[in-house]
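The structure appears right after this line, and notes come after that.
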Amino acid sequence: MERDNSKERLIMVELTAIFDTAEMIENWSEPLEKLELMAISGDINPLPDWLAVEIIWMKVQFEQQLCHSELPAQQKDAIEESFAALKKLACWQLVVDFDQHFPLLDCQYLHEQGIKIEISSLSQFLAHPNSKKISPHRLFNATRYKNIEKLDLHPHHPLVHFFRHSNGYRDKSPTPNYLFDCDWYRKNYLQDQPFKNPLLHYLAHFHEENIQPIEHFSNEHVRQSQSLPADIDPLAYYLTQLQRQGVEFRRHGFSPCPYFDRAFYLANYQDIKIANETDGLDPFHHFSVTGNKEGRKGHPWLCQNMASPSMVEQFSANRKLAVLILGMHRSGTSAVTRMTNLLGLDVTTDLMPPTPANPTGYWESVELRELHDEILSALGSSWDDILPINADIFQTPEIDRYKFLLTDYIVRTFSGSQRFVIKDPRMCNLMPLWLGVLEGLNVELRVIMPYRHPLEVAKSLQNREGFTLEKSFLLWLRHILNAERHTRGIKRCFVSYSQALTNPEKVIQTITGQCEIDAPNIQESEKQVKGFLDGQHYHQRITDTDLSEADFPGWVSQVFEILDKWSAHKDDGQQLQGQFNRISDEMARADSLYGSIIRDKNNDLKQVSFMQQQTEKQGRQLTAQINKLFEQEEIQQIIRKTA
């Protein structure tokens, strides 16, 4: 049940006004009286951070007033009486503890600003004669705060004013620095503690996953790109570089966001470039606070019709079911995707058109296939690469771009769907990336793994791509082993392509049962599936002669036998996973022996291919020039004849 904060809000709004007035007239009797009444009624239990700061500020004021030697005795007695009453508050010990352990104090930063004495508590800082003009911590910019809030420093202290007015009771909270938004932070992380100070909460939790100071500043991205240890605050680190490097950092510094590029932003928006050159404007600050809302793009690949952050948030809030079809090319993934679609799950609208190689359709997205090819290329791989992708690469900051693009694709494509199915065999080798994307979108995941006899797959690829059987066997192994390893613990099933064609009812039962996928009208779905699946399209079907003549590598036949057992539920899952682990380990050892040789050969082939493409391009250009010359000569002849 949602907590009713209306009474507390009214009390605190009144109290902040009382403190404002007391500070102006330098008389703390009214706020003290109010605090005493609230302590008795329990209205300040638990003690809000901002009230602890106010009480410490009152303590400092009392101490400074008592230091005046010319103070009349009667007035001095009244102040001492008020001070004693302050210390008698039931929350006093909490205030003392808060004072001694105030997190928004950075002694090293204070020393950089000329404070030579050691300051170890908030009260010590507030009592320092220069405290209104200096910043206690990199995350609180006192000069900026004073200018933005138009503070008169005679009655007001910037730090106290910040805590007083960022307490959650004001419609718009002030900001301690230009890259921290108290209201955004409270909305995203403090829904159960709406009156907790956002900046203090951030300081205690910045090391946790998914915590960030504003919408577009990614702590995780900065931490990874700059190799920061967990105890270093990414925002404080960024502000430090900004202060130390100045204009140079604003123009060429690292980006705290995977979808922001300084050079692109400065090159594309002349007003920002001018402001950067004349006033030292930080392009990222402009993008995060203003530019994004104006529709400006922060990165070249944002210059598309992409999903807005609110669309992503809405997508995640309404948990959806996603089914991934993971299997090797030419293994029946298209047929199983259509089968799942007929069970009531949505597919993309930009489907690849049918071809002679797949006359019933591929049932996969053109956009997603192109994006997968781009990702594989960026990772130094391709869909037909027989070598493994280095697993560590999925943890690098560069991969954040593709997380963002895949997230955008999912949200744009399936926002209107509650259940959807995605298929592209390339996903088998990109599962570490995909799992992170789907987890971030709060998706309920299922996996269907179609498989086909490796010799049939190899013959099909030999016919379509000209691959040798050996290459296809290795590709088949990579796809199967990668898909299986990364989907352990997820509800999944293994589906034989031949069984899908000969006994679709059984396969539907496996899918709906093991993956727990509801089919609203199972009988109608079975009827539609039978109408779609046609055995006449079952090409490259192997014969006994094929099997007797084939020379199967041991790994290939072992994996196929395991898949058959899994599909028929004839063996213990953990035992079969152990066998898969053994085969993967053996392949990894072979990769370490032969991988570098294969990579060198691949690079040589790429170089030859590039040179061939350049030669063909030059040939086309030369042909175009010759044709142009002939056209000009023909025109000249016509002119001479008509002259």
Side-chain angles (χ1 to χ4, degrees), residues 324-333 376 379 381-394 425-435 447-462 467-490 492-499 514 542 546-547 550-599 602:
L324 302 187
I325 309 298
L326 301 180
M328 173 58 186
H329 301 264
R330 315 306 297 161
S331 293
T333 54
L376 289 168
L379 300 181
S381 186
S382 62
W383 77 269
D384 62 339
D385 191 351
I386 61 173
L387 294 175
I389 297 172
N390 186 346
D392 293 338
I393 204 167
F394 291 106
R426 294 162 180 80
M427 286 193 295
C428 294
N429 296 325
L430 296 172
M431 281 308 292
L433 174 59
W434 264 100
L435 291 174
V447 171
I448 303 173
M449 292 183 59
Y451 70 95
R452 185 180 181 185
H453 196 286
L455 183 57
E456 293 181 351
V457 173
K459 283 181 171 286
S460 181
L461 287 172
Q462 187 180 51
F467 291 171
T468 63
L469 298 184
E470 291 76 14
K471 175 175 181 174
S472 296
F473 288 152
L474 277 172
L475 287 173
W476 184 86
L477 280 170
R478 292 278 183 219
H479 283 67
I480 296 294
L481 293 173
N482 286 340
E484 189 281 324
R485 181 172 67 255
H486 291 296
T487 58
R488 293 175 184 178
I490 299 171
R492 65 184 185 179
C493 66
F494 297 83
V495 171
S496 164
Y497 175 54
S498 61
Q499 188 177 59
Q514 293 186 35
I542 58 173
D546 293 326
L547 290 173
D551 183 16
F552 288 110
W555 295 332
V556 174
S557 58
Q558 291 169 33
V559 168
F560 184 69
E561 289 174 7
I562 293 171
L563 290 173
D564 268 345
K565 290 179 181 178
W566 242 320
S567 177
H569 326 296
K570 289 183 179 179
D571 210 328
D572 176 66
Q574 288 188 343
Q575 182 182 358
L576 297 179
Q577 286 179 6
Q579 294 179 40
F580 266 38
N581 291 341
R582 174 184 55 77
I583 294 170
S584 294
D585 291 342
E586 291 173 358
M587 286 186 68
R589 286 193 289 271
D591 291 334
S592 66
L593 289 173
Y594 305 115
S596 60
I597 299 173
I598 296 172
R599 287 188 182 90
N602 285 343

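Here the structure is a predicted model, which is why all the values come from computation and not from measurement.
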**OP:** For the pair Trp476 and Phe560, name the ring-plane relationship: parallel under 30°, tilted 30 to 60°, perpendicular over 60°.
**Re:**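 Taking Phe560 first and then Trp476, their aromatic rings sit tilted (interplane angle of 30° to 60°).
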Would a 4.5 Å heavy-atom cut-off, applied to side chains only, mark [X] and [Y] as touching?
{"X": "Val559", "Y": "Gln579", "result": "no"}
{"X": "Val495", "Y": "Ser567", "result": "no"}
{"X": "Tyr497", "Y": "Thr333", "result": "no"}
{"X": "Cys493", "Y": "Met449", "result": "no"}
{"X": "Phe494", "Y": "Asp564", "result": "no"}
{"X": "Val457", "Y": "His329", "result": "no"}
{"X": "Ser496", "Y": "Tyr451", "result": "yes"}

What is the distance from atom [atom1] of [X] to atom [atom2] of [Y], rounded to the nearest 0.5 Å?
{"X": "Leu481", "Y": "Asp585", "atom1": "CG", "atom2": "CG", "result": "10.5 Å"}
{"X": "Ile325", "Y": "Ile448", "atom1": "CD1", "atom2": "CD1", "result": "4.0 Å"}
{"X": "Ser460", "Y": "Leu455", "atom1": "OG", "atom2": "CG", "result": "11.0 Å"}
{"X": "Ser557", "Y": "Phe473", "atom1": "OG", "atom2": "CZ", "result": "10.0 Å"}
{"X": "Leu376", "Y": "Trp383", "atom1": "CG", "atom2": "CH2", "result": "11.5 Å"}
{"X": "Met431", "Y": "Ile490", "atom1": "CE", "atom2": "CD1", "result": "5.5 Å"}

Original post:
Between Met328 and Leu461, is a side-chain contact (heavy atoms from CB on, under 4.5 Å) present by the stated rule, with each step listed?
Top reply: CA-CA 11 Å; Met328 173 58 186; Leu461 287 172; 3.5 Å; yes
Counting distance only, does the side-chain N/O of [X] pair as donor-acceptor with the main-chain N or O of [Y] below 3.5 Å?
{"X": "Thr487", "Y": "Ala483", "value": "yes"}
{"X": "Thr468", "Y": "Lys471", "value": "yes"}
{"X": "Ser331", "Y": "Gly327", "value": "no"}

**OP:** Report the residue from His453, Arg452, Lys459 that forms a side chain to side chain donor-acceptor pair (under 3.5 Å) with Glu456.
**Re:**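 That would be Arg452; it is the only one of His453, Arg452, Lys459 passing the side chain to side chain donor-acceptor pair (under 3.5 Å) with Glu456.
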**OP:** Taking atom types as modelled, find out whether Gln558 and Arg582 have a side-chain donor-acceptor pair closer than 3.5 angstrom.
**Re:**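 A pair is found: one side chain offers a donor N or O, the other an acceptor, under 3.5 Å apart.
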Original post:
Are Arg485 and Asn482 close enough that a side-chain donor and a side-chain acceptor fall under 3.5 Å?
Top reply: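 Side chains of Arg485 and Asn482: pair found under 3.5 Å.
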Using a strict cut-off of less than 4.0 Å between a Lys/Arg side-chain nitrogen and an Asp/Glu carboxylate oxygen, indicate whether [X] and [Y] qualify as a salt bridge.
{"X": "Arg478", "Y": "Asp385", "value": "no"}
{"X": "Arg492", "Y": "Glu484", "value": "yes"}
{"X": "Glu561", "Y": "Lys565", "value": "no"}

Original post:
Between Trp555 and Phe580, is the ring centre distance below 6.0 Å?
Top reply: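 Distance test on ring centres: not under 6.0 Å, no.
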